[in-house]
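Take a look at the structure below.
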Number of protein chains: 2
Amino acid sequence: MIIMTRMHYTRDNMAGLLRGHDINPTHQRIEIAHALFSRQEHLSADQVMAIVNTRHSETSKATVYNTLKLFLEKGLVREVIVDPSKVFYDPNTSPHHHLYEVDSGKLSDIDATQVQISGLPPLPAGMVTEGIDLIVRVRRTD
Amino acid sequence: MIIMTRMHYTRDNMAGLLRGHDINPTHQRIEIAHALFSRQEHLSADQVMAIVNTRHSETSKATVYNTLKLFLEKGLVREVIVDPSKVFYDPNTSPHHHLYEVDSGKLSDIDATQVQISGLPPLPAGMVTEGIDLIVRVRRTD
DNA sequence: CATCAATCTGGACTTTGTCTAATTTCCGGA
DNA sequence: TCCGGAAATTAGACAAAGTCCAGATTGATG
Ligand SMILES: [Mn+2]
Ligand SMILES: [Mn+2]
Ligand SMILES: [Zn+2]
Ligand SMILES: [Zn+2]
């Protein structure tokens, strides 16, 4: 019998997670990572900003943007571009796709292991795939 | 023997195209449609603005944005969201996917008839698919 | 010509994101 | 403990994309 324990993303765990991705774990970075990983949701910079500064202001706008960009470069989070007005940051870096509810703006994951994409043409020479984004846009039936 | 003639998107043809999509063909709308359809390229609002106002200023920013939104609502053009900083408008409304060169920002079409996507999970109840966007992000090999 | 609806316009405004110069924090060595 | 420098953070100015609105223009109709 195997017992699966769900990972708890506590602030303490965040320091190790950051170090594991070659990121110096500062107070602000830990808070921002915690906002994303404890929720396991797709958040915009604005939302991260609001979460991190709920009780009392602790992190500046510049730091939120700088930190999310750093996380992205280090492969700790992923960017999701579905909404023309803002970028979402995704703590789930395993290959997966997205379901986007256009009216509400709700964004959820689609497991990639079930999905197969075939028949893509060969890439132009000298090009390498950085990623394949599949977005299913849905809306409520009228 | 069948002779295929390539459609020429002249300004004169634009009026009919617009009427066919239930759009009153004004001078500005004809110019904007012509910018998109004569090139058959993915253009941002900014680029449309520049094209339409090359010789002498004839169309305001507000009208460019309003018109592109109108074209979108009427199904004359399609929106492509790949770049976090701007929306592209696509005169090709037939089902197709996109190849996005992340460094240069170059965007090109992938014919959808060759590509198959299988294994997508069923939609949540009360939801209907508005579209499936597949974006292949590529970059130059280092 | 007068009227009215549709369209277009300049420009103020908002939102998202970037940049920079000054400050604060952190750490290792004297 | 004190010092110096590197790394990180900050406030706020700035830029770019897009929205909004009140007034002007256009064009059809009687
Ligand atoms: Mn990782
Ligand atoms: Mn059409
Ligand atoms: Zn996701
Ligand atoms: Zn296209």
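In this text, all values refer to a predicted model and were calculated from it rather than measured experimentally. Below, chains carry the letters A, B, ... as their sequence lines are ordered, and counting in each starts from 1.
Taking the six-membered ring where the residue is Trp, Tyr9(B) and Phe37(B) present tilted rings, their angle falling between 30° and 60°. Note on ring orientation: taking the six-membered ring where Trp is involved, the planes of His42(A) and His98(A) are perpendicular (angle over 60°, cut-offs 30° and 60°).
Within residues 26-36 of chain A, the residues approached by DNA chain D to less than 4.0 Å at the level of any non-hydrogen atom are Thr26(A), Gln28(A), Arg29(A), in residue-number order.
Remark: Thr63(A) is not in phosphate contact with dT9(D), judged by side-chain N or O atoms under 4.0 Å from OP1 or OP2. Dashed line: the shortest gap from a side-chain N or O of Asn24(A) to OP1 or OP2 of dA8(D) is under 4.0 Å.
The CG-C1' distance, from Leu43(A) to dT16(C), rounds to 16 Å in whole Å. The interatomic distance linking Arg19(B) (CZ) with dA6(C) (P) rounds to 18 Å, in whole Å. Here dG17(C) presents its C1' atom at 14 Å from CG of Leu72(A), a figure rounded to the nearest Å. The interatomic distance linking Glu58(B) (CD) with dT7(C) (P) rounds to 19 Å, in whole Å.
Remark: the Ser44(A) side chain and the Asp46(A) side chain contain no N/O donor-acceptor pair separated by less than 3.5 Å.
A salt bridge links Arg11(B) with Glu31(B); the closest basic N to acidic carboxylate O contact falls under 4.0 Å. Asp133(B) and Arg137(A) are joined by a salt bridge, as a carboxylate oxygen and a charged side-chain nitrogen come within less than 4.0 angstrom of each other.
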Evaluate the side-chain hydrogen bond (donor to acceptor under 3.5 Å, both in side chains) criterion for residues Ser94(A) and Asn92(A): first the C-alpha distance (whole Å), next the side-chain angles of each, then the deciding distance (0.1 Å), finally the verdict.
CA-CA 6 Å; Ser94(A) 69; Asn92(A) 180 357; 2.7 Å; yes
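Atoms CD1 and OG1, from Ile30(B) and Thr67(B) in turn, are 11.5 Å apart once rounded to the nearest 0.5 Å.
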Summarise how protein sits on nucleotides 12-30 of chain D as a single string, 5' to 3': B when a protein heavy atom is under 4.0 Å from the base, S for sugar-phosphate-only contact, - for no contact.
-B---SBBB----------
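There is a path of hydrophobic side-chain contacts, each under 4.5 Å, that joins Leu99(B) to Ile117(A).
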